[in-house]
> 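First, the structure itself, so that you have it in front of you.
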Amino acid sequence: MEKSFVGYGQRQRDIVDGGISEVAAVLSGGNEEDKRSLLFCLDYYLDPYYGCPLPNPDGIFVLLQQCFLTESSPDVKGRYLATAW
């Protein structure tokens with residue numbers, strides 16, 4: 001399996017700040033790179049060290065669980081596991 005670099009920037013932060021509907025739109029889309037970048041960004045919001053408030057954290061956790069169960073890409077599934085647990 002080929003490894004690739006995953007990063008995030010202001011675009012992903014804007015998606016998270018936009019709320020659960022914007023996050024869901026990316027995670028339910030077909031682009032693996034976008035999903036992986038957004039999940040990496042969510043990891044930043046979920047880490048208490050950084051103190052960044054996550055809009056609707058309960059809804060985001062439910063969304064992450066639902067998307068994990070339906071995701072077919074092993075690379076993206078691995079990123080879900082690294083982010084949420």
Side-chain angles (χ1 to χ4, degrees):
M1 176 169 48
E2 185 177 318
K3 302 232 182 215
S4 62
F5 176 77
V6 177
Y8 67 89
Q10 189 60 48
R11 181 174 154 257
Q12 287 79 20
R13 284 189 219 109
D14 290 344
I15 292 169
V16 173
D17 291 338
I20 195 164
S21 62
E22 290 190 33
V23 172
V26 172
L27 295 181
S28 64
N31 187 318
E32 273 190 39
E33 186 177 330
D34 287 347
K35 290 178 187 181
R36 290 173 46 218
S37 292
L38 184 60
L39 289 167
F40 189 39
C41 181
L42 281 169
D43 191 42
Y44 171 77
Y45 281 83
L46 294 170
D47 189 330
Y49 175 81
Y50 298 107
C52 293
L54 181 65
N56 190 0
D58 292 337
I60 293 288
F61 284 121
V62 169
L63 176 65
L64 289 172
Q65 292 170 357
Q66 291 170 341
C67 290
F68 174 77
L69 293 174
T70 59
E71 181 59 53
S72 60
S73 166
D75 288 341
V76 175
K77 272 198 169 192
R79 178 60 22 214
Y80 276 110
L81 291 175
T83 300
W85 296 276

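By convention here, the first residue in the shown sequence is residue 1. None of the values given here were measured: they were computed from a predicted structure.
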> If you take all heavy atoms of Q12 and L38, which pair is closest and at what distance?
O-CD1, 3.9 Å
> Can you tell me how far the CZ atom of R13 sits from the SG atom of C52, to the nearest 0.5 Å?
8.5 Å
> Enter the distance from F40:CZ to F5:CZ here, rounded to the nearest 0.5 Å.
7.0 Å
> Suppose we screen for side-chain contact (heavy atoms from CB on, under 4.5 Å). Which residues come up paired with V62, at least two apart in sequence or across chains?
Q66
> If every non-hydrogen atom of V16 is compared with every non-hydrogen atom of P55, which pair is closest and at what distance?
O-CG, 3.4 Å
> Suppose we screen for salt bridge (Lys or Arg N to Asp or Glu O under 4.0 Å). Which residues come up paired with R11, at least two apart in sequence or across chains?
D34
> Distance check, rounded to the nearest 0.5 Å: Y50 atom OH versus D43 atom CG?
8.5 Å
> Where do L54 and L42 land on the side chain to side chain contact (heavy atoms under 4.5 Å, CB included) test, with the steps shown first?
CA-CA 8 Å; L54 181 65; L42 281 169; 3.8 Å; yes
> Restricting to non-hydrogen atoms, name the atom on S37 and the atom on Y8 that form the minimum distance, rounded to 0.1 Å.
O-CB, 3.6 Å
> Side chains of L39 and L64, heavy atoms from C-beta outward: is any pair under 4.5 Å?
yes
> side-chain hydrogen bond (donor to acceptor under 3.5 Å, both in side chains): which pairs involve residues 17-29, sequence neighbours left out?
D17-Y45
> Between K35 and G29 (side chain of the first, backbone of the second, donor and acceptor by atom type, cut-off under 3.5 Å), is there such a pair?
yes
> Rounded at 0.5 Å granularity, tell me how far CD1 in I20 sits from CD1 in I15.
14.0 Å
> Walk me through whether V76 and F68 qualify under side chain to side chain contact (heavy atoms under 4.5 Å, CB included).
CA-CA 8 Å; V76 175; F68 174 77; over 6 Å; no
> Once rounded to the nearest 0.5 Å, what's the spacing between atom CZ of R36 and atom CG of L27?
13.5 Å
> So how far is it from L63 CG to D58 CG, rounded to the nearest 0.5 Å?
12.5 Å
